[in-house]
Structure formats: structure tokens, C-alpha cells
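Since the structure comes first, as C-alpha cells, the remarks are kept for the end.
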Amino acid sequence: MAIYVDRDVYTTFEGDLELDQKGDLKLADSLETYKSVANFILRSDFGSYSPAPNVGSNLGSYIGQTNTRDVHENMETSITNSLAGKIFALTDVGADVVPMDINEALCFVNLAGTFLVSGELITVEQDRLTYSFPYIDGEPTPLVISNG
């Protein structure tokens with residue numbers, strides 16, 4: 001597992017900035033930072049972010065395609081390739097796409113590594129980003145799954 005120590009400003013899933021109690025920009029720990037970067041890349045198609053047109057995962061290209069195992073495998077490859085080697089070590093990222101119905105699939109993005117959190121290095125075996133992916137229209141949206 002790689003060690004990830006970079007920090008950035010905290011952003012919500014939608015990309016909005018947040019302020020801390022003093023009114024300053026809130027900072028994210030390294031785990032939140034890397035999850036935010038992964039989220040940005042997965043919700044961007046190549047060319048949609050003009051400062052770096054090669055940033056993205058092109059999941060939008062799967063909208064309108066048939067919800068088949070071949071498409072799921074291509075999506076898993078696209079997710080892994082867009083994050084591995086650029087943001088995460090290859091061994092620290094994986095993806096699973098599972099059909100829910102004819103027009104929807106769940107995308108599970110598994111992240112691992114050692115992250116700097118509250119001044120200490122913690123090892124994360126598996127942190128998961130989960131998206132509901134529409135095949136007809138729209139964009140991937142977050143899905144919150146509770147452990148309770």
C-alpha cells in the first residue's frame with residue numbers, strides 16, 4: 001500500500017467549498033482529499049475539465065448503452081485506469097459494477113492505502129465510494145449505504 005499525505009480544501013460531493021467555525025476554508029485530511037479527487041475524476045468525462053482535458057473517466061460515454069456484463073467490465077476498467085497510476089497505486093484501487101435493473105447499475109469504487117489523518121498515519125484496507133449509475137440519462141449520483 002502506498003502512503004498518501006497530500007491535503008486540500010474540503011469539498012462536498014457536489015464540489016462545493018465549506019467554511020470552518022472561524023470562517024476560513026475548511027481543510028480535508030488526506031483520506032478526504034483523495035476521495036474528493038477520485039469523485040471529481042469519476043464524475044468528469046475527458047475534455048469536460050478545460051484546464052486538463054485528459055482528466056476524467058468517461059463514464060458518461062456509457063449512458064444509453066445496454067446494461068450488460070461486457071459494459072460493466074468496460075466501466076470497471078475505465079474506473080480503475082482513470083484512478084490507478086495517476087492518483088492511487090494500482091494495488092490501492094478497484095471497481096465493481098453490479099446491475100440493479102434494466103436502466104441502473106451500482107458502481108463500487110474501493111480505495112485503500114495509508115493516509116495522514118489528524119497528524120497520524122492510518123491504514124485503510126477498504127474505503128468505498130458508491131454511485132448509482134443511470135443508463136438512460138443523467139449523471140452518476142452518490143448512494144449512501146449505512147452499516148447499521
Side-chain angles (χ1 to χ4, degrees), residues 1-18 26-49 51-148:
M1 283 188 198
I3 298 174
Y4 305 96
V5 296
D6 294 326
R7 293 180 67 190
D8 201 356
V9 294
Y10 179 84
T11 58
T12 65
F13 182 83
E14 293 80 21
D16 296 327
L17 299 174
E18 286 195 6
K26 184 177 178 181
L27 290 179
D29 61 40
S30 66
L31 179 58
E32 292 169 332
T33 296
Y34 281 89
K35 285 172 65 172
S36 179
V37 170
N39 178 54
F40 176 77
I41 289 172
L42 294 174
R43 294 185 70 197
S44 299
D45 286 335
F46 297 121
S48 65
Y49 180 60
N54 62 335
V55 169
S57 64
N58 252 18
L59 290 178
S61 66
Y62 296 101
I63 294 173
Q65 291 194 25
T66 307
N67 194 356
T68 64
R69 184 67 213 148
D70 286 343
V71 171
H72 300 161
E73 289 173 0
N74 290 338
M75 290 174 71
E76 291 168 357
T77 300
S78 181
I79 290 168
T80 302
N81 289 344
S82 65
L83 298 176
K86 299 172 188 155
I87 308 300
F88 294 95
L90 181 58
T91 57
D92 292 344
V93 65
D96 295 299
V97 178
V98 180
M100 291 303 290
D101 67 29
I102 195 166
N103 293 321
E104 183 180 18
L106 291 182
C107 300
F108 299 99
V109 182
N110 303 307
L111 307 175
T114 301
F115 298 87
L116 184 62
V117 177
S118 300
E120 294 184 34
L121 289 174
I122 63 162
T123 299
V124 175
E125 295 293 330
Q126 184 178 48
D127 198 330
R128 181 172 282 168
L129 299 173
T130 306
Y131 301 87
S132 172
F133 185 84
Y135 279 92
I136 299 302
D137 57 11
E139 67 176 43
T141 56
L143 182 66
V144 177
I145 299 175
S146 66
N147 294 332

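Below, each value reflects all heavy atoms present in this structure, side chains not excepted, and no hydrogens, waters or symmetry copies. Computed from a predicted structure; not experimentally measured.
Nearest heavy atom pair, residue Glu125 against residue Ala112, reads O-CB, 3.2 Å. The two residues Leu27 and Arg7 make their nearest non-hydrogen contact at CB-NH2, 3.4 Å. Listed here is the closest heavy atom pair of Val55 and Phe40: CG1-CE2, 3.9 Å.
Using modelled atom types, one side-chain atom of Ser82 and one backbone atom of Ile79 make a donor-acceptor pair closer than 3.5 Å. Without hydrogens or angle criteria, Ser57 side chain to Leu42 main chain gives a donor-acceptor distance under 3.5 Å. With hydrogens and angles ignored, the 3.5 Å screen pairs no side-chain donor or acceptor of Arg128 with any backbone N or O of Val109. No donor-acceptor distance shorter than 3.5 angstrom exists from the side chain of Glu104 to the backbone of Phe133, with no hydrogens or angles considered. One N or O on the side chain of Thr77 and one on the backbone of Glu73 form a donor-acceptor pair closer than 3.5 Å. A donor-acceptor pair under 3.5 Å links the side-chain atoms of Thr33 to the main chain of Asp8, judged by distance alone. A donor-acceptor contact shorter than 3.5 Å links the side chain of Asp92 to the backbone of Ala2. At least one donor-acceptor pair under 3.5 Å links the side chain of Asp45 to the backbone N or O of Gly60.
Using a 4.5 Å heavy-atom cutoff, the side chains of Ser30 and Asp6 are not in contact. Side-chain atoms of Met75 and Cys107, non-hydrogen and from C-beta on, do get closer than 4.5 Å to each other. Leu129 is listed as a side-chain neighbour of Leu111, based on a closest heavy-atom distance under 4.5 Å. When side chains are defined from C-beta on, Ser36 does not count as touching Asn39, because their heavy atoms never get closer than 4.5 Å.
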- Audit row: Thr12, Glu18, side chain to side chain donor-acceptor pair (under 3.5 Å) steps and yes/no: CA-CA 8 Å; Thr12 65; Glu18 286 195 6; 5.6 Å; no
- Take Asn74 and Tyr62, measure what side chain to side chain donor-acceptor pair (under 3.5 Å) needs, and give me the verdict at the end. CA-CA 9 Å; Asn74 290 338; Tyr62 296 101; 5.2 Å; no
- Step-by-step side-chain contact (heavy atoms from CB on, under 4.5 Å) determination, Ile41 to Ile87: CA-CA 10 Å; Ile41 289 172; Ile87 308 300; 3.5 Å; yes
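The ring of Phe108 has its center no closer than 6.0 angstrom to the ring center of Tyr131.
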Contacts under 3.5 angstrom, residues 116-124 side chains, donor-acceptor by atom type, not counting sequence neighbours:
{"from": "Thr123", "atom 1": "OG1", "to": "Thr114", "atom 2": "OG1", "distance (Å)": "3.3"}

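Taking a cutoff of 4.0 Å between a charged side-chain nitrogen and a carboxylate oxygen, Lys35 and Asp127 qualify as a salt bridge. Under the 4.0 Å criterion applied to side-chain N and carboxylate O atoms, Lys26 and Glu32 are not assigned as salt-bridge partners.
At most 12 non-hydrogen atoms from other residues, nucleotides or ligands lie less than 6.0 angstrom from CE of Met100.
A distance of 7.5 Å separates CG in Asn67 from CG in Asp101, rounded to the nearest 0.5 Å. Phe88 contributes atom CZ, which lies 11.0 Å from atom CG of Asn110 (distance to the nearest 0.5 angstrom). With rounding to the nearest 0.5 angstrom, the CD1 atom of Ile3 is 11.0 Å from the CE atom of Met1.
Using a 3.5 Å distance cut-off with no hydrogens or angles, the side chains of His72 and Asp96 do not pair a donor with an acceptor.
Below 30°, between 30° and 60°, or above 60°: for Tyr4 and Phe115 the angle between ring planes is below 30°, a parallel geometry.
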